[in-house]
Amino acid sequence: MDTDALVDAVRDGELRLHELEAHADADTAAAARRRIVADAADTSLETVGEYAFPADDAEPNIENMVGAAQVPMGVVGPLAVDGDAIDGEPYLPLATTEGALVASVNRGCASMTAAGGATARVLKNAMTRAPVFRVAGVAEASETAAWVRDNVESLASAAEATTSHGELRDVTPYVVGDNVFLRFAYDTKDAMGMNMATIATEAACEVVEAETPAELVALSGNLCSDKKPAAVNSVEGRGRTVAADVVLPGSVVEEYFGTTPAAIAEANTRKNLVGSAKAGSLGFNAHAANTVAAAFLATGQDIAQVVEGANAITTADVRDGDLYASLTLASLEVGTVGGGTKLPTQAEALDVVGVRGGGDPAGSNADALAEAIATAALGGELSLLGALASNHLASAHEELGR
Ligand SMILES: CC(C)(COP(=O)([O-])OP(=O)([O-])OC[C@H]1O[C@@H](n2cnc3c(N)ncnc32)[C@H](O)[C@@H]1OP(=O)([O-])[O-])[C@@H](O)C(=O)NCCC(=O)NCCSC(=O)C[C@@](C)(O)CC(=O)[O-]
Ligand SMILES: NC(=O)C1=CN([C@@H]2O[C@H](COP(=O)(O)OP(=O)(O)OC[C@H]3O[C@@H](n4cnc5c(N)ncnc54)[C@H](OP(=O)(O)O)[C@@H]3O)[C@@H](O)[C@H]2O)C=CC1
C-alpha cells in the first residue's frame with residue numbers, strides 16, 4: 001500500500017496505527033503515520049521526517065515510528081587516558097542540548113591532557129536481574145536461599161544454555177518474609193546485557209521452581225535494580241563499575257580553571273560530599289549524569305539507565321600542592337553490540353571511539369567505552385568544580401548556554 005492508502009485505511013478504521021508495517025515498507029508506514037499524527041495535532045512533522053537512515057534499520061528499536069528526534073552531537077577529546085581496554089587517544093561524541101556542557105567536559109579533558117593524562121580501569125562487570133519468588137514463609141525462604149547458594153553451578157548451566165556470550169558470575173539471595181529475591185549477576189561481554197540477562201534468568205528460574213518450594217512471581221523483582229535510583233547498585237555495582245583518576249599540577253589548575261587545587265578540593269568536599277550527604281543523594285558528584293547521558297545518546301545506549309550512571313563519587317584532594325581527583329561510577333551500563341548500537345549515527349559514534357561491535361577479546365570494547373565515558377565524566381567534574389570554585393558557573397551559561 002502507498003502512503004495515501006495507509007492513511008485512508010487508518011481513518012476508515014480498517015488498520016490500526018501500529019499495523020502499517022505489515023502492509024508497506026517501514027519508510028512508507030512512517031510517512032503515513034506522520035501525516036495522521038500531524039493532521040490530528042494540526043502541525044507539521046516535516047523535520048521529524050527528515051531522518052538519514054532507512055526506517056527498516058530501526059525496526060528492532062522502535063514501534064509506531066514517525067521519524068527521528070535529532071539531537072546535536074559534539075565531541076570531546078582527544079582523551080589522554082591510560083586504560084586497560086581503551087586504545088590510543090580517541091575523541092568521545094556527546095549528544096546534548098545543554099549549551100556549555102561539551103565545552104566544559106572538553107576543558108576538563110584538555111586539563112588532564114596537559115597534566116600527562118588520566119588513568120581508568122573497569123573494576124567490576126556484572127549485569128544483574130533479580131526475580132522475586134513467593135514462598136510459604138521464612139522457613140521455606142531459608143531453605144530456598146540455601147539451595148540456591150549450594151547450586152549456583154546448575155543455575156549457571158541453565159542460564160548459559162541460552163547465550164553464547166553471557167556467563168553467570170553470582171547469585172545472591174535476599175529474603176523478606178515470604179519473598180525470596182535472587183540477584184543474578186552476569187558478565188555480558190560487549191552487550192549491555194539486559195535482554196541477555198533476562199532471557200538467561202528465566203531459564204534459571206525454571207530450575208529454581210523445579211527444585212525448591214519457591215514460585216516465580218515476577219522475573220524482575222526490582223532488586224536488580226533497573227532504571228530506578230537504588231542503593232544496591234551504588235554498593236554492589238551493576239553493569240561496569242569503572243573509575244578514572246588524575247593528578248593535575250597546580251599550574252594546570254590555574255591555567256585551565258583560574259583557581260587552586262585547594263579551592264577545588266574544598267568545593268568538592270562541601271558540595272559533592274557534605275551537600276550530597278545532607279540531600280540524601282546516591283550520587284556524590286557534580287554532574288556525572290551529564291556526560292553519561294550525552295555519551296549514551298550519541299552511542300546508542302539505553303537512556304533510561306542514566307539513572308544508574310549517576311551513582312558516582314567524586315573525590316578531590318591536595319597532594320603536595322597538586323590536585324588529585326577521581327570519579328568512580330558504580331553502575332555504568334554500556335554495550336557496543338545490541339540495543340541502539342547498530343543504528344547508523346550511533347554506530348558511527350562508536351567508530352569514533354574505536355569500539356563498534358564485539359571486541360577482541362569479547363567484552364573489551366564495552367570496557368573501553370566505559371573507560372572513555374568515565375574519563376570524560378571526570379573531566380566534566382573537574383571543569384564544573386573549577387567553575388564553581390572560581391565563581392564562573394552563571395557567566396559560562398550566560399555566554400554559551402542561552
Ligand atoms: C564554558 C567554559 C568551558 C569556559 O571556560 P574557559 O576557561 O573560559 O574557556 P577557555 O576559552 O579558556 O578554554 C579552556 C578550555 O575549555 C575548552 N573549551 C572552551 N570553549 C570551548 C568550546 N566552545 N568548545 C569546545 N571546547 C571548549 C577547551 O578544551 C579549552 O582548552 P583548549 O582545548 O583550547 O586548550 C567554563 O566556564 C565551564 O566549564 N563552566 C562550567 C559549565 C559547566 O560545567 N556546566 C555543566 C552543566 S551545569 C549542570 O547541568 C549541573 C548542575 C550545575 O546543576 C549540577 C550541580 O548542582 O552542580
Ligand atoms: N529485557 C529487559 O528486561 C530489558 C531490555 N532492555 C533493552 O535490552 C537491550 C539490550 O539488551 P542486550 O542483551 O544488551 O542486547 P541484545 O538483546 O541486542 O542482545 C545482544 C546479543 O548480542 C550477541 N553478541 C554478539 N557479540 C557479542 C559480544 N561480543 N558480546 C556480547 N554479546 C554479543 C549476544 O548473543 P548471545 O546471547 O546469543 O551470545 C547477545 O545476547 C536494549 O535495547 C535495552 O533497551 C533494557 C532494559 C530491560
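Everything quoted here is computed from the prediction, not taken from an experiment. In listed order, ligands and their atoms are each counted from 1.
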Can you list the atoms of ligand 2 that are under 4.0 Å from a heavy atom of [X]?
X: K227; answer: 46 (C), 47 (C)
X: T163; answer: 36 (P), 37 (O), 39 (O)
X: G338; answer: 15 (O), 18 (O)
X: G358; answer: 29 (N)
X: S164; answer: 36 (P), 37 (O), 38 (O), 39 (O)
X: R129; answer: 2 (C), 3 (O), 48 (C)
X: D226; answer: 47 (C), 48 (C)
X: D302; answer: 44 (C), 45 (O), 46 (C)

Exercise. Once you round to the nearest 0.5 Å, how far does CG of L385 lie from CG of L323?
Worked result: 8.5 Å
Problem set entry | Inter-residue atom distance N311.CG - F284.CZ, 0.5 Å rounding | 10.5 Å
Exercise. Where's the contact between N195 and ligand 2, heavy-atom distance under 4.0 Å: side chain, backbone, both or neither?
Worked result: both
Problem set entry | Short N-O contact, R121 and D245, less than 4.0 angstrom | no
For [atom], which of [options] has the closest heavy atom?
atom: atom 32 (N) of ligand 2; options: H165, E202, M127; value: H165
atom: atom 27 (C) of ligand 1; options: G258, A293, A103; value: A103
atom: atom 22 (O) of ligand 2; options: T336, N61, V337, I199; value: V337
atom: atom 57 (O) of ligand 1; options: E255, H287, K271; value: K271

Taking atom [atom1] of [X] as the centre, report whether more than 12 heavy atoms of other residues, nucleotides or ligands fall under 6.0 Å from it.
X: D4; atom1: CG; value: yes
X: K227; atom1: NZ; value: yes
X: D87; atom1: CG; value: no
X: E50; atom1: CD; value: yes

Would you say [atom] makes contact with the protein, given that contact here means a non-hydrogen protein atom less than 4.0 Å away?
atom: atom 45 (N) of ligand 1; result: yes
atom: atom 12 (O) of ligand 1; result: no
atom: atom 7 (O) of ligand 1; result: yes
atom: atom 39 (O) of ligand 1; result: yes
atom: atom 4 (C) of ligand 1; result: no
atom: atom 42 (C) of ligand 2; result: yes
atom: atom 19 (O) of ligand 2; result: no
atom: atom 17 (C) of ligand 1; result: yes
atom: atom 29 (O) of ligand 1; result: yes

Exercise. Does any N or O atom in S383 lie less than 3.5 angstrom from one in ligand 1, N or O only?
Worked result: yes
Regarding [X] and [Y], do their side chains bring together a donor and an acceptor under 3.5 Å, going by distance alone?
X: E211; Y: N151; answer: no
X: R129; Y: T201; answer: no
X: Y91; Y: N106; answer: no

Is there a donor-acceptor pair closer than 3.5 Å between any side-chain N or O of [X] and the backbone N or O of [Y]?
X: E371; Y: A85; result: yes
X: T162; Y: A158; result: no
X: E167; Y: E160; result: no
X: S111; Y: G108; result: yes

Problem set entry | D187: which of K124, R169, R240 passes salt bridge (Lys or Arg N to Asp or Glu O under 4.0 Å) | R169
For this session: Report, in ascending order of atom number, the atoms of ligand 1 lying under 4.0 Å from any heavy atom of A387.
Result: 40 (N), 41 (C)
Exercise. Mind checking whether N290 has a heavy atom under 4.0 Å from ligand 1?
Worked result: yes
Exercise. How far is atom 52 (C) of ligand 1 from its nearest protein heavy atom, and which residue and atom name does that atom have?
Worked result: L384 CD2, 4.4 Å
For this session: Establish, yes or no, whether the cationic atom of R319 lies under 6.0 Å from the six-membered ring centre of Y324 and within 45° of the ring axis.
Result: yes
Exercise. Looking only at heavy atoms of G335, does any of them come nearer than 4.0 Å to an atom of ligand 2?
Worked result: no
